[in-house]
Amino acid sequence: MLALSLALSACGKPAEDKEAQAREAAYKEKYAKAKALFEERCKTAGVVVKRTVKDVEGIELAKIRQPIPWGGKEYFDPMYPEAAMAGEHRGDDYIKQFLMSEFVNPADSGQRGALGPPAAEELFKRFTVKNGYSFVEYVDPTNGQRFRCTPDWSRRHPNWVDGQHHCKPVDRTATRYALDYEDLVEPADRALWISGTRIKAVDKQSGNVIAELTRYVWEAGFGASSTGRWPWEHANAGGRSQVCPSRPGERDDVSRKFVDEVIQAKQGE
């Protein structure tokens, strides 16, 4: 019986090896194809600036990225429209990031700093402080009501907390410039877990795009979710091989750190 068992085992092993080899070959082929496509897309990624404006007090947010539930299905969906920005601040935090100050370490040349309320200056002594906007506006898509959001730093809290901005309805806009975006959903790209987005700074008066950032993210694990891995969140937090452009100091605040280079917030009185 032992000899028969060993013989049967030997017969099955080559078949198993061939299946494993076939899977490995298919994976390598898919990986190489995805890598080549991602590198091709990255040739068109980056920032294009046609002009900049200074001393701007407020901007309009044409759209607001909505929250994703904790561990939500969006992180696992190759066709999720906003996959290239899965790590971005969302909801109230999406609004609040444009009102926050930025604290830049002079020793980190060329790297953007952390965002926080003005009270965080106590934590970032000797850092350069760059003010956010005095207000932002948005239009509620459900009823067309315009809101204006202003910061409230009276709590003097150094961290992001509730109640640090208030949004009230207004009848008229006080902004000339807006931040907008369009998510790039190409089925052939998404089949290989490559997502994209295009973020735009717009002159509302002329309708012209004055600058845009094109960004691509590749989920090189092809949606693998073992050991609690959230594919799109993992990809957005990845290194240069997964995100282009990869700009030093940008994490969950890509939109803020793009637009304030072009539509520059007023500093001081």
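All values below come from the heavy atoms of this structure, side chains included, with hydrogens, waters and symmetry mates left out.
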Looking at [Y] and [X], is any side-chain nitrogen of the basic one under 4.0 Å from a carboxylate oxygen of the acidic one?
| X | Y | result |
| --- | --- | --- |
| Glu182 | Lys200 | yes |
| Lys35 | Glu39 | yes |
| Arg90 | Asp252 | no |

For residues [X] and [Y], determine if any side-chain heavy atom of one lies less than 4.5 Å from a side-chain heavy atom of the other.
| X | Y | result |
| --- | --- | --- |
| Val47 | Glu212 | no |
| Glu121 | Leu123 | no |
| Val202 | Tyr177 | no |
| Lys63 | Pro141 | no |
| Leu192 | Lys30 | yes |
| Val262 | Val259 | no |
| Phe147 | Glu137 | no |

Quick one: [atom1] on [X] to [atom2] on [Y], what's the gap to the nearest 0.5 Å?
| X | Y | atom1 | atom2 | answer |
| --- | --- | --- | --- | --- |
| Glu88 | Arg65 | CD | CZ | 6.5 Å |
| Leu37 | Asp189 | CG | CG | 4.5 Å |
| Lys43 | Phe38 | NZ | CZ | 13.0 Å |
| Cys244 | Tyr216 | SG | OH | 8.0 Å |
| Glu19 | Asp17 | CD | CG | 9.5 Å |
| His165 | Met100 | NE2 | CE | 9.0 Å |

If you compare all heavy atoms of [X] against all heavy atoms of [Y], which two are closest, and at what distance to 0.1 Å?
| X | Y | result |
| --- | --- | --- |
| Leu99 | Cys149 | CD2-O, 4.1 Å |
| Pro231 | Ala224 | CG-O, 3.7 Å |
| Tyr133 | Val56 | CD2-O, 3.9 Å |
| Ser195 | Trp232 | OG-CZ3, 3.5 Å |
| Pro69 | Tyr75 | O-CE1, 3.9 Å |
| Gly132 | Ala265 | O-CB, 3.6 Å |

How about [X] and [Y]: are their ring centres within less than 6.0 Å of each other?
| X | Y | value |
| --- | --- | --- |
| Trp218 | Tyr31 | yes |
| Phe103 | Phe127 | no |
| Phe98 | Tyr94 | yes |
| Trp160 | His89 | yes |

Could you tell me whether the side chain of [X] and the main chain of [Y] form a donor-acceptor pair under 3.5 Å?
| X | Y | result |
| --- | --- | --- |
| Thr44 | Arg41 | yes |
| Arg146 | Asp171 | no |
| Gln267 | Asn131 | yes |
| Asn208 | Ile210 | no |
| Arg256 | Gln97 | yes |
| Glu60 | Val136 | no |
| Glu102 | Gly113 | yes |
| Asp253 | Arg251 | yes |

Cluster check [X], [Y]: I/L/V/M/F/W/Y, side chain < 4.5 angstrom:
| X | Y | answer |
| --- | --- | --- |
| Val49 | Phe258 | yes |
| Leu213 | Ile59 | yes |
| Val217 | Val254 | no |
| Phe124 | Val129 | yes |
| Trp153 | Leu115 | yes |

Got more than 12 heavy atoms from elsewhere within 6.0 Å of CZ, Arg51?
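Yes.
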
Please determine whether the number of non-hydrogen atoms from other residues, nucleotides or ligands lying under 6.0 Å from atom CG of Asp162 exceeds 12.
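Incorrect, the count does not exceed 12.
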
Dump the intermediate steps for salt bridge (charged side-chain N to carboxylate O under 4.0 Å, His left out) on Glu122 and Arg156, then the final yes or no.
CA-CA 10 Å; Glu122 299 171 8; Arg156 296 292 300 168; 3.2 Å; yes

Side-chain donor-acceptor pair present, [X], [Y], cut-off under 3.5 Å:
| X | Y | value |
| --- | --- | --- |
| Arg215 | Asn236 | yes |
| Thr52 | Glu261 | no |
| Thr197 | Glu82 | no |
| Lys204 | Thr175 | yes |

Cation-aromatic face contact Arg148/Tyr138, 6.0 Å, 45 degrees
no

Candidate pair Arg112 and Asp260, rule salt bridge (charged side-chain N to carboxylate O under 4.0 Å, His left out), full reasoning:
CA-CA 11 Å; Arg112 298 298 299 264; Asp260 70 5; 2.9 Å; yes

Assess the residue pair Arg198 and Asp183 against the criterion (salt bridge (charged side-chain N to carboxylate O under 4.0 Å, His left out)); give the C-alpha distance rounded to whole Å, side-chain angles, the decisive distance to 0.1 Å, and a yes or no.
CA-CA 6 Å; Arg198 188 166 290 122; Asp183 295 309; over 6 Å; no

Would His234 and Gln242 count as a side chain to side chain contact (heavy atoms under 4.5 Å, CB included) if you check the C-alpha gap in whole Å, the side-chain angles of each, and the deciding distance to 0.1 Å?
CA-CA 10 Å; His234 179 86; Gln242 294 173 300; 4.3 Å; yes

